[in-house]
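First listed ligand is number 1; within each ligand, the first listed atom is number 1.
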Amino acid sequence: MKLSDPRILAALPQLGVECIGGASLAERTSLGIGGITDLLLIRRHDALPDLIVLLRDAGVAYKFLGGGTNLLVRDGELPWVVLQLAHQEPQVRLEGNSAHVYAAADLGRTVTFCAKNDLGGMEGLIGVPGTVGGALRMNAGAYGTQIGSYVRGVELYRAAEARIETLREKEISFEYRHTSFAPDDIMLAVKLELPSKPYREILQGIRICNEKRRSSQPLNQKSAGCIFKNPPGGSAGRIIDELGLKGFCVGDARVSDRHANFFVNAGRATCADMLRLIVQVRERVHAAYGAELENEVILWTE
Ligand code: EPU
């Protein structure tokens, strides 16, 4: 979508919002799939309520992009604009055992920065790609760690109230790859409380997780991480593997040879290829086990 409403275009500079015209979502997602639209880069969080009112009043549909690492986006000219938070400095501010982190901060860098300051707990999250905001929304987890365990408060734009609010830990529920945030809430910043640990000890934990990840996941290929959530007590990857589906393709969308719950873009996969692959694998699993796998990947495919 190309923004053309003169009222919006005139207001953007006053709100500190930069418009990147004709932005490619294929270049901004880890799957390397997605069409073209205008991207609005938000430099001041407090401008968000006004920006969203402006877009709504003008009937401009929008979506909010985090790190784009757990996302499948449709091809072609996209029917909505995309909003994204610009980096704020410093991305992480420490105060005792608390880390105040902006949502646009890279998760891995945040884990490393905290580690260097002798704050641990998040070692398992080191190789999870994406932003802290995206990790919060999904309650990202790996190797027994989930980010939600360390959250003490979240600053967010609440779409229902059209304003910025701060929620305390008690007001948020974090479950396996699920949180109580509304789909259109926008994460702005988080306060984490992390246990003190010597850097050397944290580093050892980080190395172990990195090694496990390197040996079991296709890190050098374009993917969105795991496509499906694990069914209760099971592993989607093992189930798909047992059905002999590693290497199964639709166009250039392919079930990874290394980990069967990673679907990779092995070249010029389209969104339609990837969607067909998801549907076919889900059907095969359903036919064999009677179980319906739930998507972990977020779809912007309508
Ligand atoms: N397995 C196979 N074949 C495969 C993949 C896995 O047999 O192709 C077996 C493994 O050998 C192991 C079991 O299945 O015995 C579980 O595999 P793994 O340890 O790789 O964990 P997972 O359940 O497949 C989850 C998360 C990952 C996270 C890892 C490590 C989900 C959907 N996935 O994978 O998270 O990195 O544990 O903690 O919960 C993600 O969410 O995008 C993601 C990559």
Side-chain angles (χ1 to χ4, degrees), residues 29-33 65-73 106-108 110-112 120-150 174-179 181 202 204-249 253-266 274 277-278 280-282 284-286 288-289 291-300:
T29 54
S30 57
L31 262 174
I33 296 175
L65 179 68
T69 54
N70 187 39
L71 184 64
L72 173 61
V73 183
D106 178 78
L107 178 63
T110 301
V111 175
T112 309
M122 299 196 292
E123 292 85 328
L125 295 174
I126 188 69
V128 176
T131 60
V132 167
L136 261 182
R137 161 161 291 293
M138 290 295 294
N139 189 19
Y143 305 111
T145 305
Q146 303 193 20
I147 192 167
S149 318
Y150 301 102
F174 290 99
E175 289 146 48
Y176 167 67
R177 299 296 191 272
H178 180 79
T179 59
F181 300 118
I202 303 173
Q204 239 173 346
I206 285 177
R207 288 202 178 118
I208 292 169
C209 292
N210 271 339
E211 190 39 50
K212 282 191 196 161
R213 199 179 284 281
R214 260 196 299 270
S215 65
S216 62
Q217 300 181 359
L219 301 185
N220 56 355
Q221 286 186 288
K222 291 180 183 170
S223 83
C226 285
I227 286 286
F228 300 112
K229 293 183 185 180
N230 282 338
S235 159
R238 179 184 290 147
I239 293 171
I240 299 166
D241 190 2
E242 281 171 1
L243 288 172
L245 292 172
K246 276 184 169 166
F248 180 58
C249 304
R254 179 183 174 96
V255 178
S256 161
D257 296 301
R258 182 162 278 219
H259 192 299
N261 197 12
F262 280 65
F263 293 6
V264 301
N265 174 1
M274 197 53 81
L277 186 64
I278 292 171
Q280 289 188 23
V281 170
R282 188 188 284 115
R284 295 278 286 270
V285 170
H286 187 255
Y289 295 97
E292 195 73 48
L293 291 177
E294 193 187 331
N295 283 349
E296 177 177 305
V297 67
I298 310 278
L299 303 182
W300 288 2

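Arg238 and Asn261 are not linked by any side-chain donor-acceptor pair at a separation below 3.5 angstrom, with hydrogens and angles left out of the test.
Taking 4.0 Å as the cut-off, Gln217 counts as a neighbour of ligand 1 on heavy-atom distance.
Scanning the protein heavy atoms around atom 40 (C) of ligand 1, the nearest turns out to be Glu296 OE2, 3.2 Å. The protein heavy-atom contact nearest to atom 14 (O) of ligand 1 is Ser235 OG, 3.3 Å. Nearest protein neighbour of atom 15 (O) of ligand 1, counting heavy atoms only, is Arg238 NH2, 2.7 Å. Given atom 23 (O) of ligand 1, the protein heavy atom at minimum distance is Asn230 ND2, 2.7 Å. Ranking protein heavy atoms by distance to atom 43 (C) of ligand 1, first place goes to Cys226 SG, 3.5 Å.
Inclusion of Lys229 in the set of residues having an N or O under 3.5 Å from an N or O of ligand 1 is not warranted. Not one N or O of Phe262 is nearer than 3.5 Å to an N or O of ligand 1, by distance alone. Considering backbone and side-chain atoms together, Ala260 places an N or O closer than 3.5 Å to an N or O of ligand 1.
Proximity of Asp241 to ligand 1, defined as any heavy-atom pair under 4.0 Å, is confined to the side chain (atoms from C-beta onward). With a 4.0 Å cut-off on non-hydrogen atoms, Lys212 does not touch ligand 1 at all. Of the heavy atoms in Glu242, none comes closer than 4.0 Å to ligand 1.
Proximity of atom 19 (O) of ligand 1 to the protein is not indicated, since no non-hydrogen protein atom lies closer than 4.0 angstrom. Protein heavy atoms all stay at least 4.0 Å away from atom 37 (O) of ligand 1. Taking a distance limit of 4.0 Å, we find that atom 8 (O) of ligand 1 is approached by some protein heavy atom.
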Q) Do Glu296 and Lys229 pass the salt bridge (charged side-chain N to carboxylate O under 4.0 Å, His left out) test, and can you show the C-alpha distance, the side-chain angles, and the key distance before you say yes or no? A) CA-CA 5 Å; Glu296 177 177 305; Lys229 293 183 185 180; over 6 Å; no
(Q) Quick one, Asn265 with Arg254, criterion side-chain hydrogen bond (donor to acceptor under 3.5 Å, both in side chains). Give me CA distance, side-chain angles, the key distance, then yes/no. (A) CA-CA 7 Å; Asn265 174 1; Arg254 179 183 174 96; over 6 Å; no
Q.
Checking Asn210 against Ile126 for the side-chain contact (heavy atoms from CB on, under 4.5 Å) test, could you report, in this order, the C-alpha distance in whole Å, the side-chain angles of both residues, the deciding distance, and whether it holds?
A. CA-CA 7 Å; Asn210 271 339; Ile126 188 69; 3.5 Å; yes
Q.
Between Met138 and Thr179, does the side-chain contact (heavy atoms from CB on, under 4.5 Å) criterion hold? Intermediate values first, please.
A. CA-CA 6 Å; Met138 290 295 294; Thr179 59; over 6 Å; no
Q | Derivation and outcome, side-chain contact (heavy atoms from CB on, under 4.5 Å), residues Leu71 and Leu65 | A | CA-CA 9 Å; Leu71 184 64; Leu65 179 68; 3.5 Å; yes
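Phe228 has its ring centre less than 6.0 Å from the ring centre of Phe263.
Close contacts of ligand 1 with Gly225, meaning ligand atoms under 4.0 Å from a residue heavy atom, involve 42 (O).
In plain terms, the two heavy atoms of Asn139 and Glu175 that are nearest each other are ND2-O, 2.7 Å.
Side-chain contact check for Glu123 versus Tyr143: every heavy-atom pair is 4.5 Å or farther apart.
Heavy-atom proximity to atom 39 (O) of ligand 1, evaluated over Tyr143, Tyr176, Phe228, is greatest for Tyr176. Between Met138, Arg177, His259, it is Arg177 that holds the heavy atom closest to atom 27 (C) of ligand 1.
Each of Thr110, Val111, Leu125, Asp106 was scored for a side chain to side chain contact (heavy atoms under 4.5 Å, CB included) with Val132, with one residue passing: Thr110.
The pair Lys246-Asp241 meets the salt-bridge criterion, with a side-chain N (NZ, NE, NH1 or NH2) lying under 4.0 Å from an Asp/Glu carboxylate O.
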